[in-house]
Trainee: 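The structure follows.
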Amino acid sequence: MMKYLIAVLSLANAAAFAPVSMPSSSLSSSTSSLFAAEYEPMEGEGKLNLKIDLESEKVVNMEELEKGKKVYCRCWLSGTFPLCDGTHAKHNAAVGDNVGPLIVSVKKEE
């Protein structure tokens, strides 16, 4: 059930992001981490995911939590995707957005 909840929440939140495009000068394979300052808004339809598992038809990550918490990326810019590395803060500063991570925790047994 937790896996399903994480997948549904991630997909639901991904739909809220504005489409962006990356300048062709930033397409170098030597670029290990792309930041929001390198992106330009697109008109009309656009891709959200510009660097994660691009050869796959659909990006899906599943993890099981037995204890503790995990912080998941929702901006698609994290260098540690699917986990958040805080890159959304640079995106927010660059474009005035308010994107944040999805935090999933296991309820402590009482």
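Residue numbers start at 1 and run along the sequence shown.
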Trainee: Quick check: closest heavy atoms across Leu50 and Leu54, and the distance to 0.1 Å?
Mentor: O-CD1, 3.6 Å

Trainee: Assigning hydrophobic clusters by single linkage (Ile, Leu, Val, Met, Phe, Trp, Tyr; side-chain heavy-atom cutoff under 4.5 Å), is Val106 placed with Leu83?
Mentor: yes

Trainee: So, the side chain of Asp53 versus the backbone of Glu55: is there a donor-acceptor pair under 3.5 Å, distance only?
Mentor: no

Trainee: What distance do Ile52 atom CD1 and Asn61 atom CG have between them, rounded to the nearest 0.5 Å?
Mentor: 9.0 Å

Trainee: Could you give the distance from CG (Leu77) to NZ (Lys90), rounded to the nearest 0.5 Å?
Mentor: 11.0 Å

Trainee: Is there a side-chain contact between Lys70 and Leu65 in this structure, where contact means two heavy atoms from C-beta onward sitting under 4.5 Å apart?
Mentor: yes

Trainee: Please report the shortest heavy-atom distance between Thr87 and Ser78, naming the atom on each side.
Mentor: OG1-CA, 4.2 Å

Trainee: Going from CG on Asp97 to CG on Asn92, what distance comes out if it is rounded to the nearest 0.5 angstrom?
Mentor: 5.5 Å

Trainee: Do Leu102 and Val71 make a side-chain contact, defined as non-hydrogen atoms from C-beta onward lying under 4.5 Å apart?
Mentor: no

Trainee: Can you find a pair of side-chain heavy atoms, one from Tyr72 and one from Val104, that are under 4.5 Å apart?
Mentor: yes

Trainee: Where is the tightest heavy-atom contact between Cys73 and Cys75, given as atom of each residue plus distance?
Mentor: SG-N, 3.4 Å

Trainee: If two hydrophobic side chains count as joined below 4.5 Å and joins carry through other members, does Phe81 share a cluster with Leu48?
Mentor: yes

Trainee: So does Glu57 have more than 12 non-hydrogen atoms from other groups sitting under 6.0 Å from CD?
Mentor: no

Trainee: Closest heavy-atom contact between Glu63 and Pro82?
Mentor: OE2-CG, 3.8 Å

Trainee: Closest approach of Gly100 and Arg74, non-hydrogen atoms and distance?
Mentor: O-NE, 2.7 Å

